[in-house]
Engineer: 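Let me give you the structure first, and then I'll get to my questions.
Proteins get letters first, then strands, A, B, ... in listed order; numbering begins at 1 in each.
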Amino acid sequence: MSGEAMVAAFPSGNYDGREGLQGISGLIAPQRTGAMLGQNAGRVNDAELIREAQRGNRAAFEELVRQYDQAVLRLALRLTGSEHDAKDIYQEAFLKAYRNLAGFRFESSFYTWIYRIVTNLCLDYLRRKQTRKEEPPVASDADGQELNLLEQVADERPGASPERNLMQRELAARIVLALKKLTPRERIVFEMKHYEGLRLRTIGEALNTTEETVKNTLFRATQKLRAALTNAR
Amino acid sequence: MNCEWVQQNVTLYLYNELPDDERFELEQHAKRCQECAAVIGEFQGFHQQLDALPKLEVTPNLLTSARMELQERLETAEQLQGWRRFVMDPVAWLHRWRFSPVLAAVIFILGFGAGLGTMYRVVGSVRGAVGMSATSAQAHAEASISGIRTIQQEAGTNQIKIQYDKTTPEQVQGSLSDPEIQQLLLYATKNNYNSGVRMDSVDVLRQKPEDGRIREGLVFALRYDSNPGVRLKALEAVTPYVRGDIRVRNAVVEALLNDNNPGIRMGALHALEASRADTSVRQALQQLAKDDPNPYIRTESRKMLTSMPEID
């Protein structure tokens with residue numbers, strides 16, 4: 001279907017890519033709502049877009065991608081620490097979703113479905129990475145240039161002292177190392193909960209497991225992190 | 001509710017995952033119990049510690065380039081329908097361990113069959129190559145040969161194998177709505193080494209940008225053509241579609257952020273004016289307004305941002 005046909009199929013107010021005002025209630029824990037709302041706020045009717053995309057309308061699929069891709073990319077970036085790897089996971093996740101879209105039966109939301117694909121890819125990535133040597137807390141950008149995450153830790157408030165910045169950096173380095181020592185599953189659960197602010201139920205759906213299991217994994221991850229940060233003091 | 005329960009559930013409490021009644025009881029308990037209040041305080045400190053890790057934000061550049069790459073790959077991707085979904089996704093099959101023995105057997109049988117088939121085909125093609133018909137020889141002789149690649153004589157036989165390239169100039173005439181003409185124009189836009197021909201091709205294609213396939217060709221020219229003149233022409237042709245077509249919008253945002261020609265960047269900036277409320281455009285403008293080395297782009301981006309209606 002051409003671009004015009006798409007515009008005809010969807011009201012222009014929804015299709016111009018403008019972010020709307022409504023959030024997804026129930027998905028986001030109140031303490032970190034900012035983490036996901038930015039992109040999901042304006043989601044148009046997913047079901048309509050999915051049906052259009054299932055009929056082969058690529059523009060509808062791209063519109064669907066735009067509802068969630070920022071959150072997907074951010075999660076992949078957090079877990080891989082590399083723009084290049086994050087982009088690979090992003091591509092693979094959405095291509096997989098597109099290829100298998102015909103099999104989407106509306107039993108879960110598209111959001112849960114895409115998160116399930118992404119978390120599986122991230123799990124595979126972390127498992128592969130764990131078998132390799134430990135790496136320093138360095139991320140790389142899309143051009144392959146290395147960016148030291150810890151260089152970005154700086155207190156820019158007026159009056160912030162170099163000593164304080166140094167301490168913050170040391171703490172961040174310890175957190176990075178502690179996160180790397182978690183199992184891939186613990187790492188994903190913790191990142192999705194603490195940094196992405198997702199509900200345990202949503203994480204369970206994404207990982208295809210029960211809320212209870214996610215809870216236990218979160219407890220284990222928290223204990224390990226606390227122990228690592230306390231021991232390092 | 002006892003201290004042990006509180007200390008076990010303090011993580012859920014801090015993540016706001018406790019039901020309201022349990023949350024209330026926990027808070028009441030903590031007011032009475034100093035030990036539990038201290039544990040909660042300790043966990044809160046731990047959460048504050050974790051915030052020392054910098055947030056990795058997705059930059060507009062990263063997001064735009066990821067979107068563009070995805071669009072490109074989607075162009076060749078196909079949805080798997082019906083039985084193909086099961087056959088064409090072997091990884092999903094492998095994940096279903098129950099089917100692994102069956103799958104291994106199927107792969108073995110298919111491999112064996114393919115091996116046999118290939119063997120017969122090789123034998124058949126050797127036999128077929130022996131006799132070249134007179135008509136075929138005539139056609140080969142008539143074709144204009146642009147070069148001979150290799151000549152090999154098979155040892156112990158009188159068979160000579162020659163690999164050559166031929167070119168036969170052709171001409172076609174038709175209107176822009178003719179699919180063959182469109183295909184040739186698109187081919188010229190994407191592949192011709194002569195920038196003059198690419199320019200002429202884009203010049204013709206811009207007369208019909210309402211056609212999705214033509215618009216894709218124009219977007220391709222905007223993104224990849226090495227000649228700024230061709231890119232600028234393509235940009236002008238797709239500008240009316242910035243608002244309605246996401247692919248066009250993304251390509252224009254990419255040109256605005258990354259094109260090495262200031263004229264094209266300025267053109268892209270003006271083309272995006274109508275869509276400045278779009279998230280990706282807004283983010284790009286914010287980045288440019290902050291630190292673009294080109295003062296004109298910086299100032300114009302700021303102007304566009306300030307004239308934008310507030311969006312919550």
Engineer: Does A/E83 reach the main-chain N or O of B/L62 with its side chain, forming a donor-acceptor pair under 3.5 Å?
Structural biologist: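 Between the backbone of B/L62 and the side chain of A/E83 there is no qualifying donor-acceptor contact (under 3.5 Å).
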
Engineer: Name the region of A/I175, side chain, backbone, both or neither, that has any atom closer than 4.5 Å to a heavy atom of chain B.
Structural biologist: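 The answer is the side chain of A/I175.
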
Engineer: Begin with the C-alpha distance, continue with both residues' side-chain angles, and end with the deciding distance and a verdict on salt bridge (Lys or Arg N to Asp or Glu O under 4.0 Å) for B/E42 and A/R226.
Structural biologist: CA-CA 10 Å; B/E42 196 189 322; A/R226 281 187 68 213; 2.3 Å; yes

Engineer: Working to the nearest 0.5 angstrom, can you tell me the gap between B/R67 CZ and A/F94 CZ?
Structural biologist: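 The distance works out to 9.0 Å.
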
Engineer: Could you check which of B/V58, B/T11, B/L74 has the highest count of heavy-atom pairs closer than 4.5 Å to chain A?
Structural biologist: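 Answer, by heavy-atom pair count under 4.5 Å with chain A: B/L74.
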
Engineer: Measuring from B/Y15:OH to A/T222:OG1, what's the distance to the nearest 0.5 Å?
Structural biologist: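 The distance works out to 5.5 Å.
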
Engineer: Considering only heavy atoms, which portion of B/E216 lies under 4.5 Å from any heavy atom of chain A: side chain, backbone, both, or neither?
Structural biologist: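 For B/E216, the side chain is the part near chain A, not the backbone.
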
Engineer: Could you tell me the separation between the CG atom of B/L70 and the CG atom of A/L73, rounded to the nearest 0.5 Å?
Structural biologist: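 Reported to 0.5 Å precision, the distance equals 11.0 Å.
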
Engineer: Distance from A/Q70 atom CD to B/L63 atom CG, nearest 0.5 Å?
Structural biologist: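 Between A/Q70 CD and B/L63 CG, I get 5.0 Å after rounding to 0.5 Å.
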
Engineer: Please walk me through it: do A/F219 and B/L12 pass side chain to side chain contact (heavy atoms under 4.5 Å, CB included)?
Structural biologist: CA-CA 9 Å; A/F219 285 149; B/L12 297 182; 4.0 Å; yes

Engineer: For the residue pair A/Q91 and B/A66, what are the closest heavy atoms and their distance?
Structural biologist: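 Heavy atoms only, the tightest pair is NE2-O, 3.2 Å.
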
Engineer: Name the region of A/L218, side chain, backbone, both or neither, that has any atom closer than 4.5 Å to a heavy atom of chain B.
Structural biologist: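 Just its side chain gets close to chain B.
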
Engineer: Is it the case that B/R73 places NZ or CZ above or below the six-membered ring of A/Y98, under 6.0 angstrom from the centre and within 45 degrees of the axis?
Structural biologist: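 Negative - B/R73 is either too far from the ring of A/Y98 or too far off its axis.
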
Engineer: Is it true that, when you exclude B/Q183 itself, more than 12 heavy atoms of the residues, nucleotides or ligands shown sit nearer than 6.0 Å to its CD?
Structural biologist: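 Check fails, neighbour count at 12 or below.
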
Engineer: Determine, step by step, whether A/H194 and B/D51 satisfy the side chain to side chain contact (heavy atoms under 4.5 Å, CB included) criterion, reporting the C-alpha distance in whole Å, the side-chain angles of both residues, the deciding distance to 0.1 Å, and the verdict.
Structural biologist: CA-CA 9 Å; A/H194 189 84; B/D51 290 337; 3.7 Å; yes

Engineer: With respect to chain A, which residue among B/V248, B/N250, B/L50 yields the maximal number of heavy-atom pairs within a distance under 4.5 Å?
Structural biologist: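 Answer, by heavy-atom pair count under 4.5 Å with chain A: B/L50.
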
Engineer: Is the shortest side-chain N to carboxylate O distance from B/E17 to A/K193 below 4.0 Å?
Structural biologist: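 Looking at A/K193 together with B/E17, the answer is yes, because their closest N to O distance falls below 4.0 Å.
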
Engineer: Within a radius of less than 6.0 Å around CG of B/D291, do more than 12 heavy atoms belonging to other residues, nucleotides or ligands occur?
Structural biologist: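 For B/D291, atom CG is crowded (more than 12 foreign heavy atoms under 6.0 Å).
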
Engineer: Looking at CG of A/L171 and CD of B/Q49, how far apart are the two atoms once the value is rounded to the nearest 0.5 Å?
Structural biologist: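 A/L171 CG to B/Q49 CD: 5.0 Å, rounded to 0.5 Å.
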
Engineer: Of the backbone (N, CA, C, O) and the side chain (C-beta and beyond), which part of B/Q71 lies under 4.5 Å from a heavy atom of chain A, both, or neither?
Structural biologist: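 The answer is both parts of B/Q71.
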
Engineer: Which atoms of B/N61 are under 4.5 Å from chain A, going by heavy atoms: the side chain, the backbone, both sets, or neither?
Structural biologist: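 B/N61 has no heavy atom closer than 4.5 Å to chain A.
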
Engineer: Is there a side-chain contact between B/F46 and A/L225 in this structure, where contact means two heavy atoms from C-beta onward sitting under 4.5 Å apart?
Structural biologist: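 Sidechains of A/L225 and B/F46: in contact.
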
